[in-house]
Amino acid sequence: MRTILSAGVMLAVTTGAMAQDVTLRLAHFAAESHPGHTAAVQFADKVAERTNGSVTIELYPANQLGSPPEQLEQTILGAIDMNLPTHGGLDKYERAFGTVMTPFAFSSYEHAHEVLDGPFTEWTAPLLEAQGLIMLSHWEYGFRNITNSQRPINSPDDVKGLKLRTPPELQIVAAMEGLGAATTQIAFPELPNALNQGVVDGQENPIGVIYHYKLDEFQKHLALTRHVYNSMVHVVNKNSWDKLSAEQQTILREESAAAAQLMRDAVLAQEKAEIAELAERGMDVTEPDLAPFAALMGAARERVAEYSGEENMTTFLGLLE
């Protein structure tokens, strides 16, 4: 706050951006029934309420404005104001984000949240700003688990020889290949048909994806391997951010964090219920000892370190402690 003298009258002037009416477009990949969109709705509603309507958030869920990589690119360019990419999307622009998906890096959701909300954000937020993005908070997506049509998975040996669909993220490919699976990349919209036709034996995804997309219709076996974790990351284009007043920015940060907590709570609560319902619907659910799986990740971690940068990996592993 500074003061100026105009016609003999002291006037208070706020430095930085002045409060103004702003409309921000938030695009993301989650379905409208997914906790990610529920959290986005809360974020938009609370921002409108707390800014007295001076900031409006328009929501575009379920890839309405393009595929996840396209949305992120548009957000960096400023065509979209806000986005919720995963770490796997962000690491294409800043390799430090690739470390988050190191196989078996986190022991629990609580461990992941503690690291990501604290030292990881302190480390990477400035790196992301250099790419033209402001990081608001980490939301949720979840630990990934393996499904297949061939056999129950109780040990790493049960994964050997399975042909598994993975997304193109190197970290996930490395983890599955480290367990002896053959991997292939298939676009997610084509996955149900590929599973139905036996093009692949199985796939891996968070429980919510397996449940909401009814992959149990094509897959008999679910193993809670929790081999890779990642989350949606709430980012905003820096030029869009700079249009906001300091008060508006504070409100957006606070409501982004509140939306993150809502999504985390929802994902964790729903995950337990969804696993139970998948079992009721006929899936054979196993919960193997993960230590033998993690013990086979040496080569996979080396591949992730090479991709993300050896120095970045050393920094990340230090954060885990």
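Keep in mind that this is a model prediction, so the values were computed, not measured.
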Checklist entry - Regarding Gln248 and Ser54, is there a side-chain donor-to-acceptor distance under 3.5 Å anywhere? => result yes

Checklist entry - Would you say the side chain of Pro167 lies within less than 4.5 Å of the side chain of Phe188, judging by non-hydrogen atoms? => result no

Checklist entry - Is there a side chain to side chain donor-acceptor pair (under 3.5 Å) between Thr102 and Gln171 once you walk through the steps? => result CA-CA 6 Å; Thr102 298; Gln171 301 92 326; over 6 Å; no

Item to check | For His28, all residues meeting ring-ring contact (aromatic ring centres under 6.0 Å, His included), sequence neighbours excluded | outcome: His37

Checklist outcome for this item: Value for CG (Leu278) from CG (Leu215), rounded to nearest 0.5 Å, stands at 9.0 Å

Item to check | Test item: Ile76 and Leu133 side chains (from C-beta on) under 4.5 Å apart, heavy atoms | outcome: yes

Item to check | Donor + acceptor pair across side chains of Glu70, Ser67 (<3.5 Å) | outcome: yes

Checklist entry - Got a sec, which residues hit ring-ring contact (aromatic ring centres under 6.0 Å, His included) with His138, two or more places apart in sequence or on another chain? => result His87, Phe120

Item to check | Derivation and outcome, side chain to side chain donor-acceptor pair (under 3.5 Å), residues Thr147 and Glu204 | outcome: CA-CA 6 Å; Thr147 69; Glu204 53 76 64; over 6 Å; no

Next on the checklist: I need the minimum non-hydrogen distance between Ile186 and Leu191, along with the two atoms involved.
Outcome noted: CG2-N, 4.3 Å

Checklist entry - Tell me, do Glu255 and Arg50 make a side-chain contact under 4.5 Å, heavy atoms counted? => result yes

Checklist entry - Hey, what else clusters with Leu77 if you join Ile, Leu, Val, Met, Phe, Trp, Tyr whenever side-chain heavy atoms sit under 4.5 Å? => result none

Item to check | side-chain hydrogen bond (donor to acceptor under 3.5 Å, both in side chains) partners for Glu190, two or more places apart | outcome: none

Checklist outcome for this item: Taking every heavy atom of Val304 against every heavy atom of Pro103, the minimum-distance pair comes out as CG2-CD, 4.1 Å

Checklist entry - Taking all atoms of both residues into account, what is the closest heavy-atom pair of Trp139 and Ala260, and its distance? => result CD1-CB, 3.4 Å

Checklist entry - Roughly how far apart are Gln261 CD and Glu140 CD, rounded to 0.5 Å? => result 9.5 Å

Checklist entry - Is it true that Leu170 and Met297 fall in one hydrophobic cluster, defined by side-chain heavy atoms closer than 4.5 Å? => result no

Checklist entry - Can you check whether Val47 reaches Gln42 side chain to side chain, under 4.5 Å on heavy atoms? => result no

Between side-chain atoms of residues 309-316 and protein atoms elsewhere (two or more places apart, or another chain), which donor-acceptor pairs fall under 3.5 Å?
from: Asn312; atom 1: ND2; to: Ser308; atom 2: O; distance (Å): 2.7
from: Thr314; atom 1: OG1; to: Glu310; atom 2: O; distance (Å): 3.1
from: Thr315; atom 1: OG1; to: Glu311; atom 2: O; distance (Å): 3.1

Item to check | Any residue meeting salt bridge (Lys or Arg N to Asp or Glu O under 4.0 Å) with Asp216, in chain and number order, not counting sequence neighbours | outcome: Arg281

Checklist entry - Given a cutoff of under 4.5 Å between side-chain heavy atoms of I, L, V, M, F, W and Y, with clusters grown through shared members, what are the other residues clustered with Leu262? => result none

Next on the checklist: With side chain to side chain donor-acceptor pair (under 3.5 Å) as the criterion, how do Ser137 and His234 come out once you've worked through the C-alpha distance, each side chain's angles and the decisive distance to 0.1 Å?
Outcome noted: CA-CA 5 Å; Ser137 66; His234 192 185; 4.6 Å; no

Item to check | Within-4.5 Å side-chain heavy-atom neighbours: Met82 and Ile80 | outcome: no

Next on the checklist: Please determine whether ring pair (Phe, Tyr, Trp, His ring centres under 6.0 Å) holds for the pair Phe106 and Phe143, giving the CA-CA distance in whole Å, both sets of side-chain angles, and the decisive distance to 0.1 Å.
Outcome noted: CA-CA 9 Å; Phe106 300 108; Phe143 284 98; 7.2 Å; no

Item to check | Heavy-atom pair with the smallest gap, counting every atom of Gly89 and Leu72 | outcome: O-CD2, 3.5 Å

Checklist entry - Is the shortest distance from a Lys or Arg side-chain nitrogen in Asp157 or Arg151 to a carboxylate oxygen in the other one below 4.0 Å? => result no

Item to check | Residues which pass ring-ring contact (aromatic ring centres under 6.0 Å, His included) with Tyr141, listed by chain and number, not counting sequence neighbours | outcome: Phe29

Next on the checklist: Once rounded to the nearest 0.5 Å, what's the spacing between atom OG1 of Thr225 and atom CE of Met176?
Outcome noted: 5.5 Å

Checklist outcome for this item: Here the gap from Asp201 atom CG to Ile146 atom CD1, rounded to the nearest 0.5 Å, amounts to 12.0 Å

Checklist entry - Heavy-atom distance under 4.5 Å between the side chains of His212 and Ser33, does that happen here? => result yes

Item to check | Side-chain heavy atoms of Leu24 within contact of Thr56, under 4.5 Å | outcome: no

Item to check | Inter-residue atom distance Tyr211.OH - His34.NE2, 0.5 Å rounding | outcome: 12.5 Å

Item to check | Heavy-atom side-chain proximity of Val100 to Leu116 below 4.5 angstrom | outcome: yes

Checklist entry - After noting the C-alpha distance and the side-chain angles of Leu136 and Val236, does the key distance pass the side-chain contact (heavy atoms from CB on, under 4.5 Å) rule? => result CA-CA 7 Å; Leu136 298 185; Val236 55; 4.2 Å; yes

Checklist entry - Do Arg301 and Glu306 sit within salt-bridge range, that is, some charged N less than 4.0 Å from a carboxylate O? => result no

Checklist entry - Can you list the residues that meet the ring-ring contact (aromatic ring centres under 6.0 Å, His included) rule with Tyr307, with sequence neighbours excluded? => result none

Checklist entry - Does anything in residues 74-85 pair up under side-chain hydrogen bond (donor to acceptor under 3.5 Å, both in side chains), and if so which pairs, sequence neighbours excluded? => result Gln71-Asn83, Asp81-Ser240

Checklist entry - Do Leu319 and Val228 sit in the same hydrophobic cluster, where Ile, Leu, Val, Met, Phe, Trp and Tyr count as joined when their side-chain heavy atoms come under 4.5 Å apart? => result no

Checklist entry - Would Ile57 end up clustered with Met263 when hydrophobic side chains under 4.5 Å apart are linked, directly or stepwise? => result yes

Checklist entry - Does any pair with a residue in residues 91-114 pass salt bridge (charged side-chain N to carboxylate O under 4.0 Å, His left out), and if so which ones, sequence neighbours excluded? => result none

Checklist entry - Taking the six-membered ring of Tyr109 as reference, does the NZ or CZ atom of Arg264 fall below 6.0 Å from its centre and within a 45° cone about the axis? => result no

Next on the checklist: Tell me which pairs pass salt bridge (charged side-chain N to carboxylate O under 4.0 Å, His left out) where either residue lies in residues 169-179, with sequence neighbours left out.
Outcome noted: Glu177-Arg303

Item to check | Pairwise distance CG(Leu162) to CG(Leu179) - rounded to 0.5 angstrom | outcome: 10.0 Å

